[in-house]
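Below is one structure, written out as C-alpha cells; the observations come after it.
As the structure is a prediction and not an experimental result, all values here were calculated from the model. By convention here, the first residue in the shown sequence is residue 1.
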Amino acid sequence: METTLAAGKSSLFRQGVQAGMPIAIGYMPIALTFGLLAKTTGLALAEAVMMSAIVYAGASQYIALNLLAVGTGAFEIVLTTFILNIRHFLMSASLNEKAESDVLWKKALYAFGITDETFSVAAMKEGMVNAPYMFGLGVMAYGSWVINSAIGYVVGASLPQSLQESMSVALYAMFIGLLVPALKKQRKTILLAGMAAVINSICTIFLHISKGWAVVIATLAAAIIVQWFAKESEEAQNE
C-alpha cells in the first residue's frame with residue numbers, strides 16, 4: 001500500500017515537472033537578462049542570486065534594480081514590491097479552492113512558488129492539484145529563474161566595462177517593450193500609464209518628493225483613479 005502511494009506521488013511530481021518545463025525554458029532569457037542588469041546596477045553575485053531566490057518575482061526585481069540605480073531607500077523598494085505583488089494573494093486564494101486538503105506547511109511551501117505562469121498552468125489543469133504536482137511545477141520554474149539569474153550575472157561580469165555601463169539603458173528598453181503590447185490591447189492601460197507618468201512627474205518636479213516615494217504614490221494613485229473612472233463609465237453604460 002505504501003509503495004503504491006509513493007509511486008503515485010512520484011508520478012504526480014513528474015507530471016508537475018513536465019508541466020513546468022515550458023515555463024523553465026521561458027524564464028531563461030528573462031532571468032539571464034536580470035542577472036546581466038543586476039551586474040551593471042552594481043549588485044554583487046550573492047545579492048543578485050539572493051534577490052531571485054527570496055523575492056522570486058520578475059517585474060518586481062526589475063523595478064527594484066531601477067529604484068536601486070536612482071538611490072531609492074529600502075522601505076520604498078519593499079513597499080513598491082508589495083504593491084506590485086498584491087495579485088499573488090488573489091492567485092493563491094483562487095488556487096486554494098482547487099487544491100486538495102493537505103498540511104499547512106506544504107501549502108505554504110508551494111504557495112511561495114506561485115507566479116503568473118505557474119498559476120495559469122495549475123489553474124488550467126483538469127481536476128484538483130496537490131502538493132507533489134505543485135512541487136514538481138514549482139521546482140522547474142524556480143530552479144530556472146535562480147540558476148539563470150546567476151548565469152546572466154557571470155556572463156555580464158565577463159563583458160567589457162564600457163558595454164556593462166551601456167547595458168543600463170536596456171532596463172528602460174525592457175519596460176517599454178513590456179508596456180507597448182499592453183497599450184495596443186486596452187485603453188485602460190494607456191490611461192493607467194499616462195496617469196502614473198503625470199503623477200510621478202508632479203511628485204518629483206513640483207513637490208520634490210524622492211523618486212522612490214514618487215513611484216509608490218504614482219502607482220497607487222493612478223490605479224485608484226483609473227479604476228474609479230472605469231467603474232463610473234461602466235455604471236453609466238448600464239443605466
Side-chain angles (χ1 to χ4, degrees), residues 30-31 33-44 46-92 115-116 145 149 152-153 156 164-235:
I30 309 171
T33 305
F34 168 77
L36 184 76
L37 294 176
K39 172 67 178 69
T40 62
T41 304
L43 268 64
E47 292 170 335
V49 174
M50 287 298 289
M51 182 184 285
S52 285
I54 297 173
V55 179
Y56 186 41
S60 297
Q61 289 180 222
Y62 277 108
I63 290 176
L65 289 182
N66 187 30
L67 294 176
L68 285 169
V70 298
T72 304
F75 181 74
E76 293 99 313
I77 295 174
V78 172
L79 184 58
T80 302
T81 302
F82 175 77
I83 294 168
L84 288 171
N85 290 331
I86 284 177
R87 68 186 188 283
H88 287 273
F89 287 108
L90 300 176
M91 289 191 291
S92 298
T115 64
D116 295 334
W145 182 258
S149 294
Y153 188 100
Q164 289 185 33
E165 294 172 356
S166 65
M167 280 300 295
S168 60
V169 180
L171 190 61
Y172 302 99
M174 189 212 66
F175 283 125
I176 294 172
L178 292 173
L179 181 61
V180 170
L183 293 177
K184 294 179 179 179
K185 294 179 180 179
Q186 285 190 330
R187 187 178 64 179
K188 185 188 290 187
T189 306
I190 299 175
L191 294 173
L192 185 62
M195 184 70 68
V198 170
I199 295 173
N200 185 73
S201 298
I202 293 172
C203 289
T204 54
I205 297 173
F206 298 104
L207 301 180
H208 304 291
I209 297 174
S210 67
K211 292 181 179 179
W213 280 112
V215 171
V216 174
I217 294 169
T219 301
L220 285 173
I224 293 170
I225 293 170
V226 171
Q227 187 58 37
W228 181 80
F229 275 114
K231 184 178 180 181
E232 290 293 317
S233 178
E234 184 178 346
E235 290 178 353

On a heavy-atom basis, which atom in [X] and which in [Y] lie closest, and how many Å separate them?
X: Tyr56; Y: Gln61; value: N-OE1, 3.3 Å
X: Ala64; Y: Met51; value: CB-CE, 4.3 Å
X: Ala48; Y: Ala38; value: CB-CB, 3.8 Å

ring-ring contact (aromatic ring centres under 6.0 Å, His included) partners of Phe75, counting only residues at least two apart
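Here the qualifying residues are Trp213.
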
So do [Y] and [X] actually touch side chain to side chain, heavy atoms under 4.5 Å?
X: Ile225; Y: Phe229; answer: yes
X: Leu65; Y: Leu43; answer: yes
X: Gln227; Y: Leu192; answer: no

Let me confirm one number: the [atom1]-[atom2] distance from [X] to [Y], rounded to the nearest 0.5 Å.
X: Leu84; Y: Ile63; atom1: CG; atom2: CD1; answer: 4.5 Å
X: Ile199; Y: Leu220; atom1: CD1; atom2: CG; answer: 9.5 Å
X: Tyr153; Y: Leu37; atom1: OH; atom2: CG; answer: 12.0 Å
X: Thr72; Y: Asn66; atom1: OG1; atom2: CG; answer: 7.5 Å
X: Ile217; Y: Thr204; atom1: CD1; atom2: OG1; answer: 10.5 Å
X: Thr115; Y: Met91; atom1: OG1; atom2: CE; answer: 7.0 Å

Among all residues two or more places apart in sequence or in another chain, which pass the side-chain hydrogen bond (donor to acceptor under 3.5 Å, both in side chains) test with Ser92?
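Listed in chain order: nothing, the list is empty.
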
Residues in side-chain hydrogen bond (donor to acceptor under 3.5 Å, both in side chains) with Ser149, at least two apart?
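Ser149 satisfies side-chain hydrogen bond (donor to acceptor under 3.5 Å, both in side chains) with Ser52 once adjacent residues are dropped.
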
Any residue meeting side chain to side chain contact (heavy atoms under 4.5 Å, CB included) with Asn85, in chain and number order, not counting sequence neighbours:
Ala57, Ser60, Thr81, Arg87, His88

In chain order, what residues pass the side chain to side chain contact (heavy atoms under 4.5 Å, CB included) check against Ala197, with sequence neighbours excluded?
none

Among residues two or more places apart or on two chains, list those pairs meeting salt bridge (charged side-chain N to carboxylate O under 4.0 Å, His left out) that have a residue in residues 46-72.
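Qualifying pairs, neighbours excluded: none.
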
